[in-house]
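Take a look at the structure below.
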Amino acid sequence: MSVRLYVGNLPQTFDAAELDALFTSIGEGVRFKTVQDRETGACRGFGFANVEDEKLADTVIEQLNGHDFGGNSLRIERSERRDSRPGTGDRRPAAAGAAPVAARKAVNKVVHSDTITEGAPDPRWAGELAKLKSLLANQTATTV
């Protein structure tokens with residue numbers, strides 16, 4: 001059974017081959033993947049390692065937790081599943097047959113209608129009407 005380990009406190013820039021060599025010095029069967037920023041592609045300072053067996057996972061934690069890597073002290077521990085952490089919501093879609101989750105109420109939702117109520121401006125032109133009103137107010141203020 002594969003064990004997932006959290007590897008934290010990674011430097012912003014590092015050589016992935018050097019980190020792989022560090023893991024393989026302890027034992028074969030360790031796969032590591034860093035978590036990167038979506039916009040910049042830079043390392044976010046942590047990643048996850050998948051280890052083939054329990055004994056090797058314990059050895060990796062024992063030998064590399066607190067180990068100096070790139071000027072930072074590595075933090076290695078068993079990764080918790082998302083649903084077991086308190087205070088965090090699951091952002092994945094619900095599985096078939098699961099209880100439905102209440103939808104969030106939309107905030108700042110603008111509803112447009114093609115019907116025009118008497119005395120109200122057409123909502124499709126509300127932005128243009130506001131611009132015209134401000135232009136008219138500025139024009140009368142300068143002529144007075």
Side-chain angles (χ1 to χ4, degrees), residues 1-139 141:
M1 180 179 160
S2 179
V3 179
R4 189 169 184 174
L5 299 176
Y6 167 83
V7 180
N9 204 22
L10 291 170
Q12 292 295 317
T13 56
F14 66 91
D15 185 17
E18 187 179 340
L19 187 61
D20 285 336
L22 188 63
F23 282 125
T24 54
S25 69
I26 295 176
E28 294 294 322
V30 180
R31 294 178 317 276
F32 176 76
K33 180 155 176 66
T34 182
V35 176
Q36 297 176 337
D37 187 80
R38 289 181 186 163
E39 283 91 33
T40 64
C43 177
R44 290 188 56 197
F46 68 98
F48 295 96
N50 288 322
V51 184
E52 293 300 323
D53 64 34
E54 297 275 336
K55 290 181 183 178
L56 183 58
D58 292 335
T59 306
V60 168
I61 293 171
E62 183 180 304
Q63 291 185 12
L64 294 182
N65 192 26
H67 181 79
D68 183 58
F69 180 74
N72 292 354
S73 177
L74 290 178
R75 178 180 168 201
I76 300 181
E77 56 191 38
R78 288 182 186 266
S79 177
E80 297 179 6
R81 294 187 52 84
R82 276 186 181 229
D83 55 354
S84 67
R85 294 182 300 175
T88 58
D90 190 10
R91 294 185 279 173
R92 292 173 285 172
V101 178
R104 283 190 267 180
K105 187 176 180 181
V107 179
N108 298 332
K109 185 176 181 182
V110 178
V111 178
H112 295 286
S113 173
D114 287 334
T115 60
I116 302 171
T117 56
E118 198 62 37
D122 187 348
R124 296 174 292 182
W125 300 102
E128 295 297 320
L129 183 61
K131 289 179 191 175
L132 289 172
K133 284 182 179 179
S134 68
L135 284 172
L136 184 61
N138 289 338
Q139 195 175 33

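Sequence positions, counted from 1, serve as the residue numbers for this chain.
- Residues T34 and L19 are not in side-chain contact: their nearest non-hydrogen atoms beyond the backbone lie 4.5 Å or more apart.
- The two residues R31 and E52 make their nearest non-hydrogen contact at NH1-OE2, 2.5 Å.
- Counting heavy atoms from C-beta on, the side chains of F48 and Y6 come closer than 4.5 Å.
- Within the 3.5 Å criterion, the main-chain N or O of S73 finds a donor-acceptor partner in the side chain of N9.
- Atom CZ of R78 is surrounded by more than 12 heavy atoms from other residues, nucleotides or ligands within 6.0 Å.
- The closest side-chain heavy-atom distance from R75 to F46 is not below 4.5 Å.
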* **Check against side-chain contact (heavy atoms from CB on, under 4.5 Å), I76 and E62** => CA-CA 9 Å; I76 300 181; E62 183 180 304; over 6 Å; no

* **Chi angles and distances behind the side-chain contact (heavy atoms from CB on, under 4.5 Å) call for F23, V7** => CA-CA 11 Å; F23 282 125; V7 180; 3.9 Å; yes

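- Counting heavy atoms from C-beta outward, E54 and V3 have side chains that approach closer than 4.5 Å.
- Summarising the geometry of L56 relative to E28, their closest heavy-atom pair is CD2-O, 3.2 Å, with the distance given to 0.1 Å.
- Taking CG of L22 as the reference point, atom CG of D15 lies at 12.0 Å (rounded to 0.5 Å).
- Taking both residues in full, the closest heavy atoms of P11 and C43 are given as O-SG, 3.9 Å, listed atom of the first, atom of the second, then distance.
- Taking every heavy atom of both residues into account, S2 and N50 meet most closely at OG-CB, 3.9 Å.
- Using a 4.5 Å cut-off on side-chain heavy atoms (C-beta onward), L10 and L74 make contact.
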